[in-house]
Amino acid sequence: MVRRAACLAWLLAQGCSDAGLVSVKTGDDRIALEGELCTGPPVDTVRNVRVLFLTDSSNSMRFNDPNDLLVDALQYLTSRYAGQPNIAFAIVRWGSRRTVRENVDYAPAGTDPPYFTNDPAVLAEIFKRMRADPTQNPDKYLDGTDYELALRAATDYLVADLGKNPAQSLTNRYLVEFVTDGIPQSATNDPWETRRAIVAAVANLHQRYGARVDITSIALSMVLPPEFVGLLPEMARAGGGVYTQLATPQGLDGSFDKALSNPSQLVEYELAGYFALNRNLRMPGSGSSSAPELDSDGDGLVDTEEEALGLDPTSPDSDGDKLSDLFEQLLRPQYDPLAADRGDRGTDGDLDPDADGLTSFEESRLGTDPKSPDTDRDGVPDGVELCFGLEPLEDDAQSDRDGDKVPAIEEVRQNLSPTFAEEPSLRERAAHRTAPALSPVRAADGIRCYEFGVENVLLGLTRPGKDGLGRKTPAGLNVLELIAIERPIAASQATAASAGLLPNRQLRAVRHVILGEGGQRNPQAQKLFLRPNEFAP
């Protein structure tokens, strides 16, 4: 593995173009970041979790849910768990005469769509269709409420999914979320027989296919005939699930959220640490520089180094081949940042599934894990380790490469170089002052929220240029990032072993600040406040 005090992360993020060196302003040209961040949801240690929403679409939903609150709840939940690849969703809507399988019934002819998905684009299309007016979606409402029809559809759906994925039959865990606003229709002249058939169908889902069946009523008011009194709680018991009574669809998001939480199988996450970076201003990694150095294009090679190599310090990709200058420079002679490389990188080579700043193609060449932002689990993301000259395949957080008696991970937090001992005066002037990661200010449902603060973040007068997509970027652009690392912790003794195997996770928020020649900046605030909803995996 190549070590270098330069950032391979965010390879095609920003760029700038002008001639001559631009000085770094200090003194008043600094800013602070503070706010609150929350860890992501717990991870179910079962390998594949399939959530089937079995939702009532009878005509009474026109009145009981005119604002599509049910769709809002579905969209909330699927987006919240979108970062967990082992959770996938399906929606089957039902009435009295037919059902609609949202995941598969609308797929183009000749295609073979998955029965469960966590693809945001596919789910977005489903929710858009479910919200559409009946004039655009004639199947929005499906007459009455035939529970048996719905449960048969659910059984057929699980059978089809297992048939399509037989190797996963022992590792899938199915959750069936049955939602209704009405009284079941009797399939025979004997309503008691209808009740027995409904409960038996739920028990079959639970016992034969291992599904947990939760039952939720969203009826404003319901007068039940004697034969159906207590039916919904009985269905939940037969399905090994829980029964929830709501007066309206309001609150379904919380009900669904709790349904996915199984404390006996959950691994939760806590904050391991956080730090701030300015992608356009870096501490010297070698030599005798007494000031931070500009990286106008944010590609990980400082401006002076790019000029010495004959590269364009205002473009992250000098030769336009969609491989960053730094990546190609690190892997010379296999790659050349001055000669376009058009080799096949595959259909997903340019993607970054773990959001650590390295594409799948780059990680395959570097040996890091494209599915884990922190391959060596040492608390620093892979791309940031390369930025600071650390080893992403080696737990070197406590190493002291520059012999200054400060552990590498602490130097990362202070935005100092772990490979070069700066002069004390430079450390005093340029080091970030980061508040320690204390106990969470609140915690609920396995999610922990923390306050953070970083002061003395320096800004630089970068050059104008262009980003990796050819868009112009202004002079003085500073890309500030607040990066947090979450580590898994066992929610119970049963999940202790799983917690030791799960990767660390990353949360990241980005703000742009533009610094002017006279020290003016946009925004003008001396401190930027970041909220939890600004952080993404």
Side-chain angles (χ1 to χ4, degrees), residues 7 9-10 13-14 16 22-39 271-283 291-296 298 379-381 384 387-388 409-417 422 425-442 447-462 473-486 506-537:
C7 302
W10 286 262
Q14 291 83 30
C16 312
V22 183
S23 63
V24 177
K25 303 284 287 186
T26 56
D28 293 333
D29 299 324
R30 57 194 72 213
I31 200 166
L33 304 175
E34 69 174 33
E36 184 177 293
L37 62 88
C38 298
T39 60
L271 181 64
Y274 68 91
F275 46 88
L277 298 178
N278 183 343
R279 288 287 172 185
N280 302 103
L281 194 64
R282 298 195 293 110
M283 296 296 286
E293 300 181 58
L294 288 175
D295 180 6
S296 291
V380 185
V384 175
C387 170
F388 282 86
I409 193 166
E410 183 58 31
E411 299 211 67
V412 171
R413 292 192 186 106
Q414 296 182 41
N415 199 40
L416 301 173
S417 172
E422 302 91 351
S425 60
L426 177 58
R427 297 176 68 91
E428 176 67 24
R429 179 163 53 91
H432 291 177
R433 295 189 288 271
T434 303
L438 302 176
S439 300
V441 293
R442 64 178 186 277
I447 295 174
R448 295 165 172 79
C449 297
Y450 300 80
E451 293 178 342
F452 64 84
V454 183
E455 295 181 339
N456 203 48
V457 179
L458 295 182
L459 304 173
L461 284 169
T462 57
T473 56
L477 176 65
N478 290 257
V479 180
L480 308 182
E481 301 176 58
L482 197 293
I483 298 175
I485 290 292
E486 308 172 350
Q506 172 186 271
L507 292 171
R508 172 175 169 261
V510 180
R511 287 287 189 93
H512 293 175
V513 177
I514 298 176
L515 179 67
E517 286 281 357
Q520 309 91 344
R521 61 179 177 224
N522 184 16
Q524 297 180 359
Q526 299 292 317
K527 184 179 295 184
L528 301 179
F529 187 85
L530 305 179
R531 294 173 174 78
N533 61 5
E534 294 186 60
F535 288 85

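We use all heavy atoms of the structure for the numbers below, so side chains are in, but hydrogens, waters and symmetry mates are not. A quick note: this is a predicted structure, and the numbers were derived from the prediction, not measured.
The shortest non-hydrogen separation linking A509 to L530 is CB-CD1, 4.2 Å. Looking at every heavy atom in both residues, R413 comes nearest to A272 through NH2-O, 4.3 Å. Between C38 and I447 the shortest heavy-atom distance is CB-CG2, 4.0 Å. Residues T39 and E486 come closest through the heavy atom pair CA-OE2, 3.1 Å. Here the closest non-hydrogen pair linking L482 and A276 is CD2-CB, 4.0 Å. Of all heavy-atom pairs spanning A484 and L37, the tightest one is CB-CD2, 3.9 Å.
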Next item on the list: Decide yes or no on side chain to side chain contact (heavy atoms under 4.5 Å, CB included) for R427 and E411, but give the supporting numbers first.
Entry: CA-CA 10 Å; R427 297 176 68 91; E411 299 211 67; 3.3 Å; yes
Notebook entry, point to check: Between V380 and F388, does a side chain to side chain contact (heavy atoms under 4.5 Å, CB included) hold up when you go through it step by step?
Noted result: CA-CA 10 Å; V380 185; F388 282 86; 5.9 Å; no
Checklist line | Stepwise side chain to side chain contact (heavy atoms under 4.5 Å, CB included) test for R279 and D295 | finding: CA-CA 7 Å; R279 288 287 172 185; D295 180 6; over 6 Å; no
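Summarising the geometry, atom CZ belonging to R521 is positioned 4.5 Å from atom CD1 belonging to I31; distances are rounded to the nearest 0.5 Å. Expressed to the nearest 0.5 Å, how far CZ of F452 lies from CG of L438 amounts to 13.5 Å.
For the side-chain contact (heavy atoms from CB on, under 4.5 Å) test with V457, the passing option among R30, H432, K527 is H432; the others fail. The side-chain contact (heavy atoms from CB on, under 4.5 Å) test with L480 singles out one residue from L277, V454, N280, L459, and that residue is L459. Considering L33, I485, T434 as possible partners of Y274, the one that fulfils the side-chain contact (heavy atoms from CB on, under 4.5 Å) test is T434.
You'll find the side chain of H512 reaches within 4.5 Å of the side chain of V479, heavy atoms only.
Judged as a side-chain hydrogen bond (donor to acceptor under 3.5 Å, both in side chains), and not counting sequence neighbours, E451 has no contacts. Residues satisfying the side chain to side chain contact (heavy atoms under 4.5 Å, CB included) criterion with Q520, sequence neighbours excluded, are absent altogether. For A430, the side chain to side chain contact (heavy atoms under 4.5 Å, CB included) partners at least two apart in sequence or on another chain are M283, P292, L426, L458.
When atom types are taken as modelled, the side chain of N522 and the backbone of I514 share no donor-acceptor pair closer than 3.5 angstrom. Without hydrogens or angle criteria, E422 side chain to S417 main chain gives a donor-acceptor distance under 3.5 Å. Side-chain N or O atoms of Y450 include one that pairs as donor or acceptor with a backbone N or O of L271 at under 3.5 Å. Distance alone, capped at 3.5 Å, is enough to place a donor-acceptor pair between the R511 side chain and the F529 backbone.
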